[in-house]
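Since the structure comes first, as structure tokens, the remarks are kept for the end.
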Amino acid sequence: MLTTRFVNGAPNWIDVGTSDIDGAISFYGGLFGWEFRSAGPDAGGYGFFQLGGKTAAGGMQTTPEQGPPSWTVYFQTADAEATAKAAEQAHGSVLMQPMDVMGEGHMAILADKASVPFGIWQPGRTKGVDVANEPGSLSWVELYTPDIAAAAWFYHETLGLETEAVSFPGGTYTTFNPAGGGADSMFGGVVPLADDPSEDSAYWLPYFEVTDTDATVAKARELGGTVRVPATDIEGVGRFAKLTDPYGARFAVIKSATQQA
């Protein structure tokens, strides 16, 4: 599962690029109780969504030229330059070259073989988010892709990730975990794009833990969000829903079975 004891290959940061940062601040504040803190005058409008004083995510306003509003998942690397080169060698691409972020760490934006954007973060002073797998924070990530085998190969070559087929009622689910971590360190899954008929392009989907999925869905509607998949139970996993914020960024919420009171 996701924790803040980050290891190479595991998600360690997440941020949203949006066409309306003030609107996003209002939406996610109302939904998760997040408060927004600017990263300072040199950060280009970037800031941090905080939960009880702990950073849960980042966010900034973006332009149409930078792509539609979306969440970006970042994975830890010990060497951003080497990881970017590995992505290119695995037939992916580098969308934003590795760069230093004010001494906090090094980042780059890459794309896999199916043109799915994702980030990498080489920790400096900032190791990653301060909270994970708790209500209001990131708890799981899911890759929707047209070719599971090709995706598994790409992320193994680029980030060293390992996959495992897990049986569940109704079929098999392919999970990701860091190299050598085994099932206890799984942090995400790979899903055939065909299983998400509302979408025609591959993407990473972040899941945020909540205490009540149905109440969160109702609140998202009230705040101007859209429900893509209504609250649904998966035996032994939890109750989840897929949403978009008012500006089109896709995300999911889940009350995990392990969080049941």
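Among all heavy-atom pairs drawn from A43 and A39, the shortest one is CB-CB, 3.5 Å. Contact detail for P206 and R250: the closest heavy-atom pair is CD-O, 3.8 Å. Taking each heavy atom of A220 and L31 in turn, the nearest pair found is N-CD1, 3.6 Å. The nearest pair of heavy atoms linking A231 to D214 is CB-OD2, 3.6 Å. Residues A56 and W34 approach most closely at CB-NE1, 3.8 Å, considering heavy atoms. Residues S139 and I254 share a closest heavy-atom pair of OG-CG2, 3.7 Å.
Here the side chains of T83 and L110 are in contact, with some heavy-atom distance below 4.5 Å. Residues R221 and V227 have side chains in contact (heavy-atom distance under 4.5 Å, counting atoms from C-beta outward). Within the 4.5 Å cutoff, the side chain of L51 has no heavy atoms near those of the E134 side chain. In this structure, the side chains of V7 and S185 stay at 4.5 Å or more apart for every pair of heavy atoms. In this structure the side chain of N12 never reaches within 4.5 angstrom of the side chain of K127, judged on heavy atoms. V116 has its side chain out of reach of T145: every pair of non-hydrogen atoms, C-beta onward, lies at least 4.5 Å apart. In this structure, V129 and S137 have side chains that are not in contact, with every pair of non-hydrogen atoms separated by 4.5 Å or more. At least one side-chain heavy atom of F118 sits less than 4.5 Å from a side-chain heavy atom of L159.
Follow the hydrophobic side-chain contacts under 4.5 Å out from Y155 and you never reach Y74; the two are in separate clusters. Hydrophobic clustering (ILVMFWY, side-chain heavy atoms < 4.5 Å, transitive): W71 and V253 are in one cluster. By the criterion of side-chain heavy atoms lying less than 4.5 angstrom apart, applied directly or through intervening Ile, Leu, Val, Met, Phe, Trp or Tyr residues, I14 is grouped together with F36 in one hydrophobic cluster. Hydrophobic cluster membership differs between M60 and Y247, with clusters built from Ile, Leu, Val, Met, Phe, Trp and Tyr side chains linked at under 4.5 angstrom. Cluster membership for F49 and Y46, using ILVMFWY side-chain heavy atoms within less than 4.5 angstrom, is not shared.
To the nearest 0.5 Å, atoms CD (E35) and CD (Q50) are separated by 8.0 Å. Interatomic distance, I120 CD1 to M96 CE, rounded to the nearest 0.5 Å: 11.5 Å. Atom OG1 of T163 is separated from atom CD1 of I148 by 9.5 Å, given to the nearest 0.5 angstrom. The OG atom of S19 sits 8.0 Å away from the CG atom of D245 when rounded to the nearest 0.5 Å. For the atom pair CZ of R239 and CD1 of I234, the computed distance is 11.0 Å after rounding to the nearest 0.5 Å. Put simply, OG1 on T77 and CE on M107 are 13.0 Å apart, with the number rounded to the nearest 0.5 Å.
Put simply, the side chain of R228 never gets that close to the backbone of A252: no donor and acceptor are under 3.5 Å apart. In terms of modelled atom types and a separation under 3.5 Å, the side chain of Q122 and the main chain of A80 share a donor-acceptor contact. Of the possible polar contacts, one joining the Q61 side chain to the I21 backbone as a donor-acceptor pair under 3.5 Å is found. When atom types are taken as modelled, the side chain of E162 and the backbone of G180 share a donor-acceptor pair closer than 3.5 angstrom. Under a 3.5 Å cut-off, the side chain of T55 and the backbone N or O of D130 do not form any donor-acceptor pair. A donor-acceptor pair is defined here as one N or O able to donate and one able to accept, closer than 3.5 Å; no such pair exists between the side chain of H106 and the backbone of M99. Side chain of T18 to main chain of D20: a donor-acceptor pair is present (N/O by atom type, distance under 3.5 Å, no hydrogens or angles). Remark: side-chain polar atoms of E142 are not paired, donor with acceptor, to backbone N or O of V191 under 3.5 angstrom. The backbone N or O of G128 lies less than 3.5 Å from no partner atom in the side chain of T126, so there is not a single donor-acceptor pair.
When each of T175, L143, L161, D147 is checked for a side-chain contact (heavy atoms from CB on, under 4.5 Å) with V190, only L143 meets the rule.
Between W13 and F48, the angle of the ring planes goes over 60°, which puts this pair in the perpendicular group of the 30/60° scheme. Between F187 and F176, the ring-plane angle classifies as parallel under the 30° and 60° cut-offs.
More than 12 heavy atoms of other residues, nucleotides or ligands shown are found within 6.0 angstrom of CD on E157.
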side-chain contact (heavy atoms from CB on, under 4.5 Å) between K219 and F32: does it pass, once the steps are laid out? CA-CA 10 Å; K219 188 65 175 178; F32 296 137; over 6 Å; no
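A salt bridge does not link K85 to E88: none of the charged nitrogens lies less than 4.0 Å from a carboxylate oxygen.
Ring centroid separation for the pair F251 and Y28 comes in under the 6.0 Å cut-off. Remark: aromatic rings of F6 and W121 are distant, center separation not under 6.0 Å.
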